[in-house]
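To find a chain, count down the sequence lines: A is the first, B the second, and so on, and within it residues start at 1. Because the structure is a prediction, the values reported are computed rather than measured.
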There are 4 protein chains.
Amino acid sequence: MTTMKRERRKEAPDKREEILNAALSVFVEHGFGASRMDEVAKRAGVAKGTIYLYFPSKEELFKGLIENVASPPLEALQTLVDTSDADSEQLLRTMFAFVKRELLGTERRQVIHLILTEVHRFPDVARFYYENVVSRALGFLRTIMERGVARGEFRDCDLVRFPQLMAAPLPMAVFWSAIFEPFAPLDVDRFMDTHLDLLLTKLKVKS
Amino acid sequence: MTTMKRERRKEAPDKREEILNAALSVFVEHGFGASRMDEVAKRAGVAKGTIYLYFPSKEELFKGLIENVASPPLEALQTLVDTSDADSEQLLRTMFAFVKRELLGTERRQVIHLILTEVHRFPDVARFYYENVVSRALGFLRTIMERGVARGEFRDCDLVRFPQLMAAPLPMAVFWSAIFEPFAPLDVDRFMDTHLDLLLTKLKVKS
Amino acid sequence: MTTMKRERRKEAPDKREEILNAALSVFVEHGFGASRMDEVAKRAGVAKGTIYLYFPSKEELFKGLIENVASPPLEALQTLVDTSDADSEQLLRTMFAFVKRELLGTERRQVIHLILTEVHRFPDVARFYYENVVSRALGFLRTIMERGVARGEFRDCDLVRFPQLMAAPLPMAVFWSAIFEPFAPLDVDRFMDTHLDLLLTKLKVKS
Amino acid sequence: MTTMKRERRKEAPDKREEILNAALSVFVEHGFGASRMDEVAKRAGVAKGTIYLYFPSKEELFKGLIENVASPPLEALQTLVDTSDADSEQLLRTMFAFVKRELLGTERRQVIHLILTEVHRFPDVARFYYENVVSRALGFLRTIMERGVARGEFRDCDLVRFPQLMAAPLPMAVFWSAIFEPFAPLDVDRFMDTHLDLLLTKLKVKS
DNA sequence: GATGAATGAGCGTTCATTCAT
DNA sequence: AATGAATGAACGCTCATTCAT
C-alpha cells in the first residue's frame, strides 16, 4: 500500500531479459545439456512455466540467448565496417581492438565457449548460429580484405578466401581461457596483437 | 575353481581395453552427455554391470578414456623433431603435413573435438591434458622456431612466444568440421596451407 | 459505473452462452481430457479468466454444457409421437428417418459420442441424462410399440420390454463413425434401414 | 537362506502379466488418459522404469492390454466357428451364450467400455483394435451367416452385409452397465436373448 | 466484471547405477 | 568375475487455475 510496495515494478526489467540473463548464467555454469529449466526459472525469479511464455523450448531459449548476446557486437561491427573512413589497416586494427575488448574481455567469451561446446548436438541451433553470427562476422572480415585489395592497400592473397584464418585465434583464446587459464594463463591481448601483426605482415608486403 | 585363477587373466583380451575402445567410439559419436552406458556395453560386448567393475562411474570412464588417446601422434612428432635434419622451413612443412594427415584427416579429428567440448567439466583431466599433450605439442613448435632463429633461417618475432598462434587453425578446423560442415564445408587442406604460408611469410621476411 | 449495471446484461449477447457454445465445439473436437481452456476461451472470444467467472472449473463447464444439448430433438420426437396419426409401422419409419437425419446425419452424432465417452466420469450428469433424455427417448419407442400392439398392428413380444434393443444401433453407429470410419467406413443409412427391417420383420409376423 | 526366503519366486507370476493386470485395473478405474504410470507401477509392485522394460510407452501398454484381454475369447470363438458341427442356429446360440458369459459377465465388459471411450484419441490403437479384434469378431458372425445361408438354414438378407447389427447390443449393454446400472439396471442376459430371438426370427423366415 | 500473465503441480519417459543370481 | 533386470531420481514441458490490474 505504500509507494514502495513493489520494488520490482520500478525497474520492470523486462521478464524476457531476466530469463535470458538467468539462462546465460546457468548455461555458462553447467553447459546447455546439464542445465535445468528449474534453475533458470529460480535465478530469473519466475515460475518454471513462465519461461515457456517467452520461449517455446529449452532449445529456443538457447537460440534467444545466442541472438541476445551476439546482436550488439554484430551491429557495432556492421556500423564500423559500413561507416569507417579509415584506411584498411586501421580498420582491421580497430576491429581487433573491438574483439579484444567486447568479445574476449567480457562474459561473451564464455558464451562463445558455451556455444562451441554445445551446439553440435543441435543442428538447428548450429545452422542458426552460422547464419546469424558466424557468416556475418566472417563477411565483415572478407569485406575489409576485399576493400583493402581493391584500394591497393592490401595484397591479394588466399587470406581473402579464408577469413576463418583471421578469426582462428578466437576459438583458441576462448578455449584456452576456459580450460587452461588456472595453471597456464594466456596473455590474450598480446596473443591477438601478435596475430594481427602476422596478418598485416602478409597483407602489406608488396607482391 | 581356484587353480584357474591366473589363467583367466591371460585369456581375456583385456576387457578393460575393450570397454575403453567402445567408450571412445560412443563418446566421439554422441558426446559425453548423450552417450548411454547401454551402448558402450553393447559395443564392448559386455553387460552393463561389467563396466562398473572396471570404472566406478560414467565420469571416471570418460576420464580414463580421454587420458589415453593422445600418445601415438605425440611420439611421432617427437621423433620428427628430434631426428630431422631438414632445414626449419622444411621441418615446419613436414609438421603441418603430419597434422593434416594424422589429426585432421582421420577420425582423430573427432576425438579432438570430443576432448575440446567436454574437458572443461573435468578440471583434473584438463591439467593432465595440458601437461602431457598440449604443452608438449606447443613445445615442438617452439623448438622448431627457436632453432630456426638460432640458425638464422627464421626471423625472431613474437610468434616464438605464442606457439598457440601457430596451432590456432587446429581448433578452428576441428570445430568448423564438426558444426558447420554440412552446410558450409571448409577445405581444411588449403586452409592449413594458407596458414602455413602466412607463418612463413612472417618468419622468412628479412627484418 | 453503477447506473449502467442493468444495461450491460442486455447488450452482452449472453457471454455464458458463448462460452458454452465454444466449449461444445472444443469438447466435441478433442474430448474432455484433451480440451484446453485456452482454446475454449479463444473460440468464445473471451479471456481465459472470464470462463471462471461463469463456471468454477473445467468439470463444471463440461457438466453445464452436457446438460443443455439434448432438448430440441426430444421436443421434435415428442411432437411426432403425440400428434402423428400414421399407423405404427409408418410412425416407426418416420422415427428412424428422424434419427438418421437429425442425429446421425449432423454434428450431433459427435455430441452423442462425446457424451457417451465422457459421462461415466460424472455420475450426477449420468443420472440427469438418464432421467431427462434416455428414459424419455426410450419411452417414445415403448409408446409406439405398446400402441402398435394395442391396435393389433404389432405383435406382442419382448421388444416391448427392451426398447434399448431398438436403439442399440445408435451407439454402434456413433462409435463406428468416430473410431473406424477412416479405414472401415459404414453406410449408416443402410445400416439403420436394415435394423428397421429387422424390427418390422419381428413386429409384423403373425404369431 | 531358508527355503521360504522369497515367496515371490514361488509364484513368479510373470512381471509382464503383473503389469498388464495393474494397468487393467488402473485404466478401468480412471480411464486411459487420467491414469498415471506411477499408479500402474505401484499396483504392479514394480518401479516406474520397470514398466518401460516391457512396454515402450503408455500407448503400447494399452495395446498390450487390449491384446491380452481380447486374445483368449477370440481364440475360443475361432475354435468354435472352425470346429463346431452344430447347425447354424445352434452355433449362433452358442456364440451368444459365450458373449454373455465371457464378455458381458466378466471384467472384460469394463475393458470394452474402456476401449470404446478412450480409443478415438489414438488412431494407432484404433486401427490395431479394429484389425486384431473387431474385424475378426465380425468375421465370425459373417462366416456363420454365410454358412447358414449356403446350407439353406438361414435366409439371405442384408444382415449378412451388416454383422455390426448382430453385435449392436454389445456396446449398448456395455455402456448401459457402465453408466446407468446403479439407478436403472438392465437384465443383460434377457436383453441379449431378446436380440438373438429378433435375429433368428429374421433369419429363419422363409422368404 | 474482464483480463491474461503467471503459477506450479503433475506426467511420461530416460538412464546411470545397483544387486541378486 | 559377470550378468542384466530392476530401480527411482531427474527432467522438459503442459495446462487448469489464480489474481493483480
Side-chain angles (χ1 to χ4, degrees), chain A residues 5-6 8-9 15-16 33-42 44-61, chain B residues 1 4-5 8-9 12 15 33-42 44-61, chain C residues 1-2 4-5 8-9 12 15 33-42 44-61, chain D residues 5-6 8-9 15-16 19 33-42 44-61:
Chain A
K5 190 183 170 190
R6 310 209 160 272
R8 276 179 234 140
R9 211 193 312 163
K15 203 155 286 192
R16 196 188 133 92
S35 293
R36 294 180 288 116
M37 293 299 262
D38 263 325
E39 190 167 359
V40 174
K42 203 199 302 180
V46 302
K48 199 174 10 170
T50 305
I51 299 175
Y52 290 87
L53 295 177
Y54 295 90
F55 302 93
S57 70
K58 195 186 179 193
E59 199 173 322
E60 289 299 320
L61 174 58
Chain B
M1 295 275 189
M4 298 290 282
K5 192 179 165 193
R8 243 185 263 144
R9 214 185 305 165
K15 205 159 284 196
S35 292
R36 294 181 292 113
M37 295 297 263
D38 262 323
E39 194 168 355
V40 174
K42 191 163 60 166
V46 302
K48 212 183 340 180
T50 306
I51 299 176
Y52 287 87
L53 297 175
Y54 295 90
F55 302 92
S57 72
K58 193 188 178 191
E59 288 207 357
E60 290 303 321
L61 171 60
Chain C
M1 296 273 187
T2 50
M4 298 289 284
K5 191 178 165 193
R8 239 184 267 143
R9 211 185 305 165
K15 205 159 284 192
S35 292
R36 294 182 293 112
M37 295 298 264
D38 262 322
E39 194 169 356
V40 174
K42 191 163 59 167
V46 302
K48 213 186 336 183
T50 306
I51 299 176
Y52 287 86
L53 297 175
Y54 294 90
F55 301 92
S57 74
K58 193 189 179 191
E59 288 208 355
E60 290 302 319
L61 171 60
Chain D
K5 191 182 170 188
R6 311 213 159 269
R8 273 180 235 141
R9 211 193 314 163
K15 206 156 284 195
R16 195 188 133 94
I19 292 168
S35 293
R36 295 179 288 117
M37 293 299 263
D38 264 323
E39 191 168 357
V40 174
K42 203 199 305 179
V46 301
K48 197 165 24 162
T50 304
I51 299 176
Y52 289 86
L53 295 177
Y54 294 90
F55 302 93
S57 71
K58 195 186 178 192
E59 201 173 320
E60 289 298 322
L61 175 57

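Checking A:Ser57 against C:Met37, the closest nucleotide of DNA chain F that is more toward the 5' end is the one next to A:Ser57. Position along DNA chain F of the nearest nucleotide to C:Ser35 versus A:Asp38 favours A:Asp38 as the more 5'-ward residue. Annotation: of the two residues near DNA chain E, A:Ala47 and D:Pro56, the 5′-most nearest-nucleotide partner is A:Ala47. Of the two residues near DNA chain E, A:Gly49 and B:Glu59, the one whose nearest nucleotide lies more 5' is A:Gly49.
Phosphate contact (OP1/OP2 of F:dC15, side-chain N/O of A:Tyr52, threshold under 4.0 Å): absent. For E:dA2, the OP1/OP2 oxygens have a side-chain nitrogen or oxygen of C:Lys15 closer than 4.0 Å. D:Tyr54 has a side-chain polar atom (N or O) that falls below the 4.0 Å cut-off from OP1 or OP2 of F:dA6.
Of the candidate nucleotides F:dA16, F:dC11, F:dA5, F:dA5 has the atom lying nearest to any side-chain atom of D:Leu53. Closest to the side chain of A:Lys58, from the set E:dG12, F:dT17, F:dG12, is F:dG12. Each of F:dA2, E:dT7, F:dT7 was ranked by its minimum atom distance to the side chain of B:Thr50; first place goes to F:dA2.
Separating the OG1 atom in C:Thr50 from the CE atom in C:Met37 is a distance of 11.0 Å, to the nearest 0.5 Å.
The residue C:Lys48 sits close to a base: some heavy atom pair falls under 4.0 Å. Among the heavy atoms of the strands, none lies under 4.0 Å from B:Phe55.
For C:Phe55 against C:Glu60, the heavy-atom pair with the smallest separation is CD2-O, 4.1 Å. When all heavy atoms of D:Ala44 and D:Ile19 are compared, the closest pair comes out as CB-CA, 3.9 Å.
Between A:Leu53 and A:Lys15 there is no side-chain heavy-atom pair separated by less than 4.5 Å.
In this structure F:dT7 sits in a base pair with E:dA16, meeting the Watson-Crick or G-U test at under 3.5 Å. Under the Watson-Crick and G-U wobble criteria, each requiring two contacts below 3.5 Å, nucleotide F:dT21 is paired to E:dA2.
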